[in-house]
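Reading through the C-alpha cells given below for one structure.
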Number of protein chains: 2
Amino acid sequence: MSEGYLKGRIRRDDIVSAAAAVYGEAGYHGASLREIAKRAGITHAGLLYHFPTKEALLAAVLERRDAEDAVREQLSAPPGLEVLRRFIALAEHNVRHRGIVEVYSRLAAEAVSEAHPAHAYFARHYREARDSIAQSFHALAETGELRPGVDPDLAALTFVALMDGLQVQWLTTPTHVDAVGSLRLSLQTLLTVPLFPN
Amino acid sequence: MSEGYLKGRIRRDDIVSAAAAVYGEAGYHGASLREIAKRAGITHAGLLYHFPTKEALLAAVLERRDAEDAVREQLSAPPGLEVLRRFIALAEHNVRHRGIVEVYSRLAAEAVSEAHPAHAYFARHYREARDSIAQSFHALAETGELRPGVDPDLAALTFVALMDGLQVQWLTTPTHVDAVGSLRLSLQTLLTVPLFPN
DNA sequence: CCTACCGATCGGTAGG
DNA sequence: CCTACCGATCGGTAGG
C-alpha cells in the first residue's frame with residue numbers, strides 16, 4: 001500500500017516489459033540481463049535485486065502473459081462458437097502487436113527441449129489450448145454445427161498448429177501472409193454455420 | 001580428387017553434422033564453435049580452419065539441407081497429387097529424425113528477424129514451398145480434384161503453416177500429437193479424391 | 001590442423 | 001538500487 005511498494009511494482013513491470021521485448025529479438029538464452037536492464041533504466045545488478053536469477057525473470061514474463069490472455073479470453077465463455085471467435089480475436093490482436101508474437105514464437109521453439117526452463121509452461125499452454133478448442137468442437141458437433149466427418153480432437157490440434165505456423169510465416173514474410181484471414185477461412189471450412197454472420 | 005581433398009570433404013561433413021545437431025539443441029546464436037568442434041573431434045580453432053566464420057558454417061548447414069530435400073522431393077514431379085504425397089512423405093521422414101525437425105524449427109523462429117543470417121534462406125524457403133504447393137492445388141482445381149470453394153493459394157499457405165505448427169507441438173508434447181496423421185487428414189479434407197487410394 | 005592468446009561479454013555475488 | 005568484482009565462455013587471430 002505504501003508508495004515504496006507501488007514504485008517497486010511499477011519498476012518490476014518495466015523490467016518485465018523490457019525482458020519480453022529482448023526475448024522476442026534474441027530469444028531467452030540470447031537475451032542478456034545487461035541489455036534488459038539498460039532498457040529498464042537500471043544496471044544489471046539492479047535488475048537482480050528485483051529478480052534473483054535469469055530464470056525468475058522468465059517466469060515473471062510468462063506469468064504476465066497468462067494473466068493478459070486470461071483477461072482477453074474471458075475464461076467464463078461456455079464451449080462453442082464464442083470461444084472460437086475469441087481465438088480469432090486473439091489472432092487479430094497479435095498481428096497488431098508483432099512483439100508479442102515474436103517473443104511467443106521464439107520461446108516456444110526454444111522450449112521444445114525438456115531442459116528449457118519454459119518447457120513445462122508451453123507443454124501446459126498447448127494442452128490447455130487444445131482441450132479448450134476440442135471442447136468447443138465437441139459442443140458444435142452435438143448441435144450439428146460441425147461439418148460431418150470432422151474429428152473434434154484432431155480439428156483442435158490442427159487449429160492450434162495453424163495459429164502457430166501462420167505466425168512464423170507472417171513474421172518472416174509479412175507482406176505475403178494474411179494470418180487472420182487464413183485462420184478464419186480454415187475455421188469456417190470446418191463449420192456448417194457462419195462464424196461471423198453478417 | 002586426391003586423398004587429401006577427400007579427407008577434407010569428410011571432415012567438413014562431420015563438422016556440418018555436428019553443427020546441425022547443436023543448432024537443434026541450442027539454436028544458432030546459442031551454439032558455440034567449441035561445442036560443435038568437440039563433437040567433430042577437433043578444436044574450435046581447427047573448425048575455423050575449415051569454416052572461416054560462424055556464419056559460414058551456418059550457410060554450409062543450410063546448403064546441405066537444401067541438397068538433401070532436393071533429392072528427397074525429386075524436383076521433377078509435375079504439379080498435382082504426387083507433389084502433395086511427397087510433402088506427406090517428408091513429414092513422415094521428419095518424425096523419424098527428430099534432430100532435423102529441431103534444428104529447422106529453432107532456426108526458423110530465430111530467423112524471423114531480418115538481421116539474422118538465415119533470414120533470406122527461410123523467406124525463400126517459405127515462398128518456394130507455398131508456390132510449389134499452390135501450383136499443385138491449382139492443377140487439382142482444373143481437374144475437379146480440389147474441393148469446390150477452396151482457394152488454392154490460401155490452401156497452400158495454410159498447408160505449410162500446418163506442417164510447421166504441428167512440428168513444434170509434436171516436439172513439445174510428442175505423446176499427444178500425431179503430426180503425420182493430422183497433416184494427412186487435413187489435406188484429404190481439401191480434396192475430392194483419395195490422397196492414398198487403397 | 002593445434003597451442004596460445006585477445007578483447008568482449010556473460011550470470012551472479014559482495015558489500016554497501 | 002549501485003560499484004566493483006568473480007570465473008566462465010564467447011568468436012576470432014597469430015604463428016606455426
Side-chain angles (χ1 to χ4, degrees), chain A residues 2-62 106-107 110-111 113 115-118, chain B residues 2-62 106-107 110-111 113 115-118:
Chain A
S2 83
E3 196 189 340
Y5 279 14
L6 177 62
K7 267 201 309 208
R9 214 178 50 201
I10 291 174
R11 174 50 50 93
R12 286 169 59 94
D13 264 7
D14 289 346
I15 296 171
V16 170
S17 297
V22 179
Y23 292 169
E25 295 169 22
Y28 168 68
H29 283 122
S32 78
L33 297 181
R34 281 166 175 85
E35 176 62 27
I36 295 167
K38 198 207 297 184
R39 298 199 193 187
I42 57 174
T43 65
H44 95 282
L47 186 158
L48 287 165
Y49 165 79
H50 293 285
F51 300 95
T53 65
K54 196 183 180 185
E55 273 195 35
L57 178 54
L58 173 62
V61 169
L62 296 178
R106 294 255 341 203
L107 289 183
E110 271 187 354
S113 159
H116 194 284
Chain B
S2 83
E3 196 190 340
Y5 278 18
L6 178 60
K7 268 202 310 208
R9 214 176 51 201
I10 292 175
R11 175 49 50 91
R12 286 169 58 93
D13 264 7
D14 289 346
I15 296 171
V16 170
S17 297
V22 179
Y23 291 169
E25 295 169 23
Y28 168 69
H29 283 121
S32 77
L33 298 182
R34 281 167 176 83
E35 176 62 27
I36 295 167
K38 197 207 296 181
R39 299 199 193 187
I42 56 175
T43 65
H44 96 282
L47 186 158
L48 287 165
Y49 165 78
H50 292 286
F51 300 94
T53 66
K54 195 183 181 187
E55 272 195 38
L57 179 55
L58 173 62
V61 169
L62 297 177
R106 294 255 341 201
L107 289 183
E110 271 188 353
S113 158
H116 194 283

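Owing to the predicted nature of the structure, the values given are computational and were not obtained by experimental measurement.
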With a non-hydrogen cut-off below 4.0 angstrom, is [X] in contact with a base, only sugar-phosphate, or nothing?
X: A:Leu48; value: base
X: A:Ala40; value: nothing
X: B:Arg34; value: base
X: A:His50; value: sugar-phosphate

Establish, for the pair A:Arg106 and A:Tyr28, whether the NZ or CZ atom is under 6.0 angstrom from the six-membered ring centre and no further than 45 degrees off its axis.
no
Using whole Å, report how far [atom1] of [X] lies from [atom2] of [N].
X: A:His29; N: D:dA8; atom1: NE2; atom2: C1'; value: 16 Å
X: A:Phe51; N: D:dC1; atom1: CZ; atom2: P; value: 11 Å
X: A:His44; N: D:dT3; atom1: NE2; atom2: P; value: 12 Å
X: A:Tyr49; N: C:dT13; atom1: OH; atom2: C1'; value: 16 Å
X: A:Leu57; N: C:dG12; atom1: CG; atom2: C1'; value: 14 Å

Can you tell me how far CD1 of A:Ile42 sits from CG of A:Leu47, rounded to the nearest 0.5 angstrom?
5.0 Å
Residue A:Thr53, side-chain atoms from C-beta onward, closest of D:dC1, D:dC2, C:dG12
C:dG12
Heavy atoms from C-beta onward define the side chain here; which of C:dC2, D:dG12, C:dG12 lies closest to that of A:Leu33?
C:dG12
Complement of D:dG15, any strand, by Watson-Crick or G-U distances under 3.5 angstrom
C:dC2
With a 4.5 Å heavy-atom cut-off, do B:Leu58 and B:Lys54 have their side chains touching?
no
Most 5' of A:Ala45 and B:Ser32 on DNA chain D, judged by nearest nucleotide
A:Ala45
